[in-house]
2 protein chains.
Amino acid sequence: MSDKEIPDVIVGRLPRYLRALQRIANDGQRTTSSQELGEQLGISAAQIRKDLSQFGEFGKQGTGYSVTFLVSQLQQILNVDRVWDMALVGAGDLGHAIAHYQGFADCGFRIALVFDSDSQKIGTHVGGFIVQDSASLVAAVKAAKITIAMITVPSNSAQMVSDQLVQAGVRAILNYAPVILNVPDEVHVQYIDPVIHLQRMTFYLD
Amino acid sequence: MSDKEIPDVIVGRLPRYLRALQRIANDGQRTTSSQELGEQLGISAAQIRKDLSQFGEFGKQGTGYSVTFLVSQLQQILNVDRVWDMALVGAGDLGHAIAHYQGFADCGFRIALVFDSDSQKIGTHVGGFIVQDSASLVAAVKAAKITIAMITVPSNSAQMVSDQLVQAGVRAILNYAPVILNVPDEVHVQYIDPVIHLQRMTFYLD
DNA sequence: ATATGTGAAATCTTTCACAGCG
DNA sequence: CGCTGTGAAAGATTTCACATAT
């Protein structure tokens with residue numbers, strides 16, 4: 001069901017639906033509609049219905065969608081009806097901020113290992129974990145069977161770290177360094193680069 | 001020339017072209033081609049040529065593009081051939097990391113004001129600036145004529161901060177809080193939400 | 001009455017393929 | 001010869017509009 005053939009653009013919207021639904025659930029609402037979701041997200045109601053229809057029939061005509069049911073279905077579709085352990089590579093300022101961020105745990109993501117290559121940082125505590133030497137990364141990640149990693153190292157070491165992660169069996173990388181990573185086809189990469197977002201907006205400013 | 005009618009999807013790719021070109025320039029290369037750019041970015045050469053052709057004829061047939069010329073053209077198109085002052089609201093872990101990030105300065109973005117509402121933080125130094133009381137946000141941002149802001153406050157205060165920023169004349173907001181902001185049509189918002197990127201990848205993992 | 005799920009239509013985006021220029 | 005810029009074609013995505021179910 002979570003096959004390929006699902007366009008990437010749809011996959012990209014599903015997490016946003018989930019976020020909106022969780023907020024609606026938090027407000028104590030039992031039921032919602034494609035229209036309400038669409039208004040909150042700035043997406044047309046028809047699009048939301050089409051997207052969801054790729055995976056099944058989750059709504060009831062005349063009534064809409066049960067919020068909790070749709071949340072659980074989306075979690076299943078997105079494979080987040082479980083806890084994912086992650087490795088964090090880079091214990092600088094950004095690594096610290098990420099290690100302390102509560103938003104991961106609430107969504108089923110758990111930082112399990114933290115690495116840095118700086119001997120000043122190795123052995124220190126970050127977000128409840130002890131920073132390990134990057135030299136042991138491949139072995140440790142492999143042993144822990146971790147498949148998701150976040151990279152918060154300087155640009156010039158990001159590709160090297162990425163290579164090690166791939167070698168250790170990682171299949172998904174969230175890269176905060178502003179460089180494009182070269183990875184095998186079976187490895188997924190997402191980028192977080194604030195400058196790109198800013199430049200996308202300055203285009204429209206005078 | 002930087003009119004509307006330029007599809008959003010193209011605007012979204014321009015900063016990526018700029019990043020790739022700056023790296024190529026850094027490597028000391030004088031000239032590049034749509035093919036080379038495309039290979040680095042995972043985008044087809046035809047697409048890059050089409051995108052650029054929306055703004056002018058920047059290449060030479062048979063030769064390709066002058067790297068420095070194309071960089072300067074893209075900077076002009078994206079309005080980053082100048083320095084933009086920004087306000088940062090939220091001096092928590094993430095705010096600290098952002099305040100210390102060198103990547104903004106290199107791209108013409110400068111943090112000019114930092115705010116927090118926590119009296120413990122007000123008056124402390126963050127990234128060379130003194131954290132100011134959010135109560136003075138509207139006046140200070142207006143006085144400094146700042147039009148770009150970053151929000152790194154907890155989710156439940158993000159909308160309130162956004163309202164204040166808009167009132168102060170901000171036209172572009174980079175929001176790190178995982179909530180959708182309600183802003184007038186003329187205000188641009190971009191979101192950075194790592195969980196959404198992670199969930200986009202777990203879809204493809206087993 | 002209300003809101004879904006969905007073919008068909010409209011729109012948008014990408015790729016093709018080649019004329020034309022250095 | 002190599003590479004751009006670009007109409008035209010192909011492909012993908014979004015919207016429309018309505019039959020259908022509660």
Side-chain angles (χ1 to χ4, degrees), chain A residues 1 3-18 20-21 24-25 29-74 77 200 203, chain B residues 1-18 20-21 24 29-74 77 200 203:
Chain A
M1 198 176 274
D3 249 298
K4 189 59 187 174
E5 278 105 63
I6 303 294
D8 222 56
V9 64
I10 293 182
V11 176
R13 279 191 296 261
L14 299 179
R16 308 215 277 133
Y17 298 164
L18 184 52
L21 284 162
I24 289 170
Q29 211 173 305
R30 311 301 235 82
T31 278
T32 188
S33 64
S34 57
Q35 173 147 49
E36 181 180 45
L37 267 174
E39 271 161 24
Q40 293 204 10
L41 289 163
I43 292 176
S44 80
Q47 174 131 86
I48 291 172
R49 293 202 302 277
K50 252 262 147 84
D51 285 353
L52 295 176
S53 76
Q54 298 283 312
F55 302 96
E57 310 200 352
F58 303 130
K60 292 206 200 323
Q61 281 149 323
T63 314
Y65 302 92
S66 151
V67 176
T68 54
F69 177 68
L70 192 50
V71 163
S72 76
Q73 289 300 303
L74 278 170
I77 291 164
R200 229 182 136 136
F203 176 85
Chain B
M1 198 177 275
S2 299
D3 248 298
K4 189 61 188 173
E5 276 105 63
I6 303 294
D8 221 57
V9 63
I10 293 183
V11 176
R13 279 191 296 261
L14 299 179
R16 309 214 278 133
Y17 298 163
L18 184 52
L21 284 161
I24 289 170
Q29 211 174 305
R30 310 301 234 81
T31 278
T32 189
S33 63
S34 58
Q35 173 147 49
E36 181 181 43
L37 267 175
E39 271 162 23
Q40 293 202 12
L41 290 163
I43 292 177
S44 81
Q47 175 131 86
I48 291 171
R49 294 201 302 277
K50 252 263 148 80
D51 285 354
L52 295 176
S53 76
Q54 298 283 312
F55 302 97
E57 310 201 353
F58 304 129
K60 292 206 200 320
Q61 283 148 323
T63 315
Y65 302 92
S66 151
V67 176
T68 53
F69 177 69
L70 192 49
V71 164
S72 74
Q73 289 300 303
L74 279 169
I77 292 165
R200 228 183 139 136
F203 176 85

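All values reported here derive from a predicted model rather than from experimental measurement.
For the pair A/I43 CD1 and D/dT14 P, the computed distance is 9 Å after rounding to whole Å. A/E36 places its CD atom 10 Å from the P atom of C/dA3, with the value rounded to the nearest Å. Here the P atom of nucleotide D/dG11 and the CD atom of A/E5 are 16 Å apart, to the nearest Å. When rounded to the nearest whole Å, the span between CD of B/Q61 and P of C/dA17 equals 20 Å. The CD-P distance, from B/Q54 to D/dT4, rounds to 17 Å in whole Å. Taking atom CZ of residue A/R49 and atom C1' of nucleotide D/dA21, one finds them 14 Å apart after rounding to whole Å. If you take CZ of A/R13 and C1' of D/dT15, they are 12 Å apart, rounded to a whole angstrom. Between the NZ atom of B/K50 and the P atom of C/dT15 there is a distance of 11 Å, rounded to whole Å.
Position along DNA chain D of the nearest nucleotide to A/A46 versus A/T63 favours A/A46 as the more 5'-ward residue.
The listed nucleotides are C/dA3, D/dT6, D/dT13; the one nearest the side chain of B/E57 is D/dT6. The side chain of A/S33 lies closest to C/dA3, out of D/dT15, C/dA3, C/dT13. The side chain of A/S34 has C/dT4 as its nearest neighbour among D/dT6, C/dT4, C/dT14.
You'll find the side chain of B/I43 reaches within 4.5 Å of the side chain of B/R13, heavy atoms only. A 4.5 Å side-chain heavy-atom check between B/F58 and B/L74 finds every atom pair outside the cut-off. A/Y65 is not listed as a side-chain neighbour of A/T31, based on a closest heavy-atom distance of 4.5 Å or more.
At a cut-off of 3.5 Å, with distance as the only test, no side-chain donor of B/E5 or B/Q54 sits close to an acceptor on the other residue.
The neighbour count for B/Q40 CD, taken as heavy atoms of other residues, nucleotides or ligands under 6.0 Å away, is above 12.
Under 4.0 angstrom from either OP1 or OP2 of D/dT14 there lies no side-chain N or O belonging to A/S44. Put simply, A/Y65 has a side-chain N or O that comes within less than 4.0 Å of OP1 or OP2 on C/dG5.
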